[in-house]
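Heads up: numbering here begins at 1 and tracks the sequence. All heavy atoms count here, side chains included; hydrogens, waters and symmetry mates do not.
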Amino acid sequence: MLNPIDTDRVIRDGGAVGAFPGQIHEAVAWWLGTCLVVTQGAGQIAVAHNGHPVIAEFADRFCRGAVNAQHYACTVQSLGLRTRDRLLAAIEDLGGVPGAWLLAESNEGGTTVRIKLFHRHGVEFDESNGLVEIRRMIAQDRVPIPVNDRAKGRIAPWPNDLTEVGHL
């Protein structure tokens, strides 16, 4: 692992949380994206963020990690700037796929980044339903990698952008 983290301290609370810069970095988003796809066996996921200036790169890395997860050829529905509730509605609209909501909050000490992971139908990850496995994969440097170019997925913009004005 080129840029290790304290997995016990960062991989928690439904995904990952940490001070940026410092405890968490953009590669963590890649790792979580690929681990979400592999642990869920997902051919499609939904991803959204809160629009904070810091979070765009994290969201991009998460999506790129997801499309590069082993042989799954995952399609990432990138919703862009959306609320958590809108992400959860999109997860259901897509037939109950897994998803992630990324957010950053500025504070006196810098910025706190949170990446929330969701199982199919919007159930948040926790210590009893898969977060331990993802933490172990990252801690043991067993983050899945693509098996070949044909197995690479794609990032697709959310098709409802023009019809959802005012419904962030």
Exercise for the section: Without swapping roles, check the side chain of Lys116 against the backbone of Asp13 for a donor-acceptor pair under 3.5 Å. Expected result: yes
Practice task
Work out which heavy atom in Ala46 is nearest to a heavy atom in Val97; give both atom names and the distance.
Solution key: N-CG2, 4.0 Å
Handout entry: Listed once per pair and sorted, the ring pair (Phe, Tyr, Trp, His ring centres under 6.0 Å) pairs that draw on residues 82-128, sequence neighbours left out
Key = His119-Phe125
Exercise for the section: Taking the side chain as every heavy atom from C-beta outward, state whether Ile55 and Leu103 have any pair of such atoms under 4.5 Å apart. Expected result: no
Handout entry: Side-chain ion pair, Arg64 and Glu26, N-O less than 4.0 Å
Key = no
Practice task
Could you check if a side-chain atom of Thr39 sits within less than 4.5 angstrom of a side-chain atom of Met137, using non-hydrogen atoms only?
Solution key: yes
Handout entry: Gap separating the CD atom of Gln23 from the CZ atom of Arg9, nearest 0.5 angstrom
Key = 4.0 Å
Problem - Test item: side-chain donor near acceptor, Asp126 and Ser128, under 3.5 Å - result: yes
Handout entry: From Leu131 atom CG to Leu117 atom CG, the distance as rounded to the nearest 0.5 Å
Key = 7.0 Å
Problem - Gap between atom CD1 of Ile115 and atom CD1 of Ile24 - 0.5 Å precision - result: 4.5 Å
Handout entry: Pairwise side-chain contact, Val17 with Arg12, heavy-atom cut-off 4.5 Å (strictly under)
Key = yes
Problem - Contact check, side chains of Val113 and Val28, non-hydrogen atoms, under 4.5 Å - result: no
Exercise for the section: Kindly work out whether a path of hydrophobic side-chain contacts (I/L/V/M/F/W/Y, heavy atoms less than 4.5 Å apart) joins Ile155 to Trp31. Expected result: yes
Practice task
Locate the shortest heavy-atom distance separating Leu36 from Gly99; write the atom from each residue and the value.
Solution key: CD2-O, 3.7 Å
Practice task
Flag yes if Ile45 and Val123 sit in one hydrophobic cluster, no otherwise; membership is Ile, Leu, Val, Met, Phe, Trp, Tyr, and two members link when side-chain heavy atoms are under 4.5 Å apart.
Solution key: no
Practice task
Would you mind checking if Asp93 and Arg86 are paired as a salt bridge, meaning a charged N to carboxylate O distance below 4.0 Å?
Solution key: yes
Completion exercise
Nearest heavy-atom approach of Ala156 to Thr75 is CB-CG2, 4.2 Å
Practice task
Quick one: pull up CD in Gln40 and CZ in Arg120 and give me the separation to the nearest 0.5 Å.
Solution key: 6.0 Å
Handout entry: Rounded distance [0.5 Å steps], CG in Leu102 versus CZ in Arg114
Key = 12.5 Å
Completion exercise
Residues Asn129 and Glu124: closest non-hydrogen pair is ND2-O, 3.1 Å
Problem - Candidates Val38, Asn148, Ile145, Val37 - the one meeting side chain to side chain contact (heavy atoms under 4.5 Å, CB included) with Gln70 - result: Val38
Handout entry: Cys74 side chain reached by Val67 side chain, heavy atoms, under 4.5 Å
Key = no
Handout entry: Exceeds 12 heavy-atom contacts within 6.0 angstrom, atom CZ of Arg136
Key = yes
Handout entry: Spacing of Arg61 atom CZ and His25 atom NE2 [to the nearest 0.5 Å]
Key = 9.5 Å
Completion exercise
Residues pairing under ring pair (Phe, Tyr, Trp, His ring centres under 6.0 Å) where one sits in residues 54-84, two or more places apart or in two chains, turn out to be Phe20-Phe58
Handout entry: Student check: side-chain heavy atoms of Thr34 and Asn68 closer than 4.5 Å
Key = no
